[in-house]
Amino acid sequence: MKNKFSKSIVALLALSMMSGCNESGKNPELIIDTSCPTTVECGKEVQLLAKMENTKEKGIVWSVDDDLIATVTEDGKLSALRKGHVLAKATSVYDPDIHKEIDIEVKKNTLIAVEITNKVSSMKVGETKKFSASINGDNTNSGIGWQVNNEALATIDQDGNLTVHQIGIEKKVIVTAFSKINPDAFAECEVTLSPKDNGDKSEGNIEEINGYKLIFEDNFSSERLNKNNWDVMIGDGAAYGVGNGWGNEEKQYYAEDNLKVVDGNLIITAKDETHRKEVLRNMEYTSGRIRSRAKVAYTYGRIEARISCPYGSGIWPAFWMLPETTDSDYGGWPNSGEIDIMEVKGRQKRQMFGTLHFAKEDGTHTYENVTKFFETGEGDIKDFHDYAVEWDENEIRFYADGKLYGTITSSQWSMKKEPGKNRPSSAPFDKKFHILINMAVGGNFDGYRLPDLEDLPARMQIDYVKWYQK
């Protein structure tokens, strides 16, 4: 019996080896050709090559982890679209467990230069004028894109025709011409806005909701993040004086490459970057974060964005606000306050939160929050929804798709008090605040959960951001 048992084991082992090996007894191996580039310039196409060895089964397919940066055909023709890093994977057709990856950096063409050749310095409400620009160094013929920093005041088409709708608070807009293949190559001019002729101060049909009139709008309508509106935040928080993973033990490194404007949406992508963690301060994820500090900031009003959030454990998208300055009367966070218009946990597909953070009288952190559950027929977090707050000195009201779902009044928030300091009852939410949009990975908001690999890359999409005032 013992001898028969031993012979059976040997036979099984031999069969197992034959199924995974060729006649030489070596395991099948996938090898990426050394000719494959590790850097590619935007707008270029390259051929990726790989081969199978030690097996008669030679089929290989290619894929990439971020098709906003580059696309690839199954046979390995890679097209570089936008600046960033992309992980290209070659996989055996016959055994998906056999694969190899190569990290490819898509670089911008730094030789491109843009100049506005026909500038207009002033315009009246109702006027349309054409701007023109020239571009040098673009051998892809991708052309020029146009944008204006506040689409509530004026809009521009991709032929450079600017139309003025209202004067607004600032009474000016900034027009930008940029290279579509390298949006970092751009030129700008400022346009002063004035009323119509003959003393007519009407400003057309200004969008209005609940008595609030539109004063700022970014529709992400061109192929470039408008940096006259947004500051891109980079890193793990240390550069901004925030430690411990942005104060929340978050696990991502924020990078500009994770922010892309595509088809009228700002897309924030969270990615697994285990293969690159040595260049990301040993962090295994990247994502994106922007803020409007020193660019778009007001006191009170209706602040709204239309957003789609991804599914996934440990995925934490947020649309929120912080004060422009740390006022000496109030001090730093949490005394200066925080308004979270929308936060979701990617694993809870039908739930979102609105929150106010502030300080107790002794200066310790506390908060008040409201919760929205999407009912049957309302969709879930992955669908686009309009998230908004209406903020005045007495209360902050929270909305989803135009429906009020929660109110927090000034009697519910408080702040640290100091002898001899007189503060309004609306403090700390009586100062200028700016907007932030980001998607964190991990952290304390959802119990330190992390994403499953199949949930990455995860994409948060923002259709527009608007600010209204009375």
Give the intermediate values and the outcome of side chain to side chain contact (heavy atoms under 4.5 Å, CB included) for residues Thr286 and Lys271. CA-CA 5 Å; Thr286 56; Lys271 298 171 64 174; 3.9 Å; yes
After noting the C-alpha distance and the side-chain angles of Ile267 and Arg459, does the key distance pass the side chain to side chain contact (heavy atoms under 4.5 Å, CB included) rule? CA-CA 6 Å; Ile267 301 177; Arg459 287 175 177 164; 3.9 Å; yes
Step by step, work out the side chain to side chain contact (heavy atoms under 4.5 Å, CB included) result for Ile303 and Trp391. CA-CA 8 Å; Ile303 303 91; Trp391 162 36; 3.9 Å; yes
Hey, mind stepping through Tyr94 and Met52 against side chain to side chain contact (heavy atoms under 4.5 Å, CB included) and telling me if it holds? CA-CA 11 Å; Tyr94 302 96; Met52 292 293 301; over 6 Å; no
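Checked for salt-bridge contact, Glu304 and Lys466 miss the test: no charged N lies under 4.0 Å from a carboxylate O. Electrostatic pairing of Asp67 and Lys260 does not count as a salt bridge here, judged by no charged N lying under 4.0 Å from a carboxylate O. Looking at Asp386 and Lys372, no side-chain N of the basic residue comes within less than 4.0 Å of a carboxylate O on the acidic one, giving no salt bridge.
Annotation: cation-pi geometry not satisfied between Lys470 and Tyr300 (NZ/CZ under 6.0 angstrom from ring centroid, within 45° of ring axis).
Although no hydrogens or angles enter the test, the distance criterion places a donor-acceptor pair under 3.5 Å between the side chain of Arg350 and the main chain of Gly379. At distances below 3.5 Å, not a single donor-acceptor pair connects side-chain atoms of Asn210 with backbone N or O atoms of Tyr212. Lys100 places a side-chain N or O within donor-acceptor distance of the main-chain N or O of Leu30, the cut-off being under 3.5 Å. Here the side chain of Gln147 pairs no donor or acceptor atom with the backbone of Ser222 at under 3.5 angstrom. With hydrogens and angles ignored, the 3.5 Å screen pairs no side-chain donor or acceptor of Trp62 with any backbone N or O of Leu49. Panel note: side chain Gln166, backbone Val125; no donor-acceptor pair is recorded below 3.5 Å.
None of Lys349, Arg347, Gln348 except one satisfies the side chain to side chain contact (heavy atoms under 4.5 Å, CB included) rule with Gln351; the exception is Gln348. The only member of Glu190, Lys295, Glu188 that meets side chain to side chain contact (heavy atoms under 4.5 Å, CB included) when paired with Asn228 is Glu188.
For the residue pair Asn258 and Tyr285, no side-chain donor N or O sits within less than 3.5 Å of a side-chain acceptor on the partner. Asp138 and Ser179 are not linked by any side-chain donor-acceptor pair at a separation below 3.5 angstrom, with hydrogens and angles left out of the test. A donor-acceptor contact closer than 3.5 angstrom is absent between the side chains of Asn150 and Glu170. With hydrogens and angles left out, the side-chain atoms of Thr155 and Thr163 include no donor and acceptor closer than 3.5 Å. Using modelled atom types, one finds no donor on one side chain facing an acceptor on the other under 3.5 Å when comparing Ser287 with Gln252. For the residue pair Tyr311 / Asp380, a side-chain donor-acceptor distance below 3.5 Å is found, with atom types taken as modelled. In summary, the side chains of Trp320 and Asn438 do present a donor paired with an acceptor at a separation below 3.5 Å, with no hydrogens or angles considered.
Not counting sequence neighbours, the partners of Tyr298 by the ring pair (Phe, Tyr, Trp, His ring centres under 6.0 Å) test are Trp467. Evaluation of the ring pair (Phe, Tyr, Trp, His ring centres under 6.0 Å) rule for Tyr464 yields no partner, not counting sequence neighbours.
How far CG of Leu436 is from CH2 of Trp230: 8.5 Å, rounded to the nearest 0.5 Å.
Within a 6.0 Å radius of NZ in Lys171, other residues, nucleotides and ligands contribute 12 heavy atoms or fewer. For NZ of Lys119, the number of neighbouring non-hydrogen atoms (other residues, nucleotides, ligands) closer than 6.0 Å is 12 at most. Applying the 6.0 Å contact sphere to CD of Gln158 captures more than 12 heavy atoms from other residues, nucleotides or ligands.
Looking at heavy atoms from C-beta onward, Ile437 lies in side-chain contact with Met460 at the 4.5 angstrom threshold. Side-chain contact between Phe220 and Leu225: present, with at least one pair of heavy atoms (C-beta onward) separated by less than 4.5 Å. A 4.5 Å side-chain heavy-atom check between Met352 and Cys309 finds every atom pair outside the cut-off. At least one side-chain heavy atom of Ile112 sits under 4.5 Å from a side-chain heavy atom of Ile135. Between Lys403 and Glu378, some side-chain heavy-atom pair lies under the 4.5 Å cut-off. Residues Val261 and Glu223 fail the side-chain proximity criterion, which asks for heavy atoms closer than 4.5 Å. Annotation: side chain of Val441 is in contact with side chain of Pro451 (closest heavy-atom distance under 4.5 Å).
Under the side-chain hydrogen bond (donor to acceptor under 3.5 Å, both in side chains) criterion, the residue pairs touching residues 78-88 are Glu45-Ser79, Lys83-Asp257, His85-Asp103, His85-Arg276, with sequence neighbours excluded.
Note on ring orientation: taking the six-membered ring where Trp is involved, the planes of His357 and Trp333 are tilted (angle from 30° to 60°).
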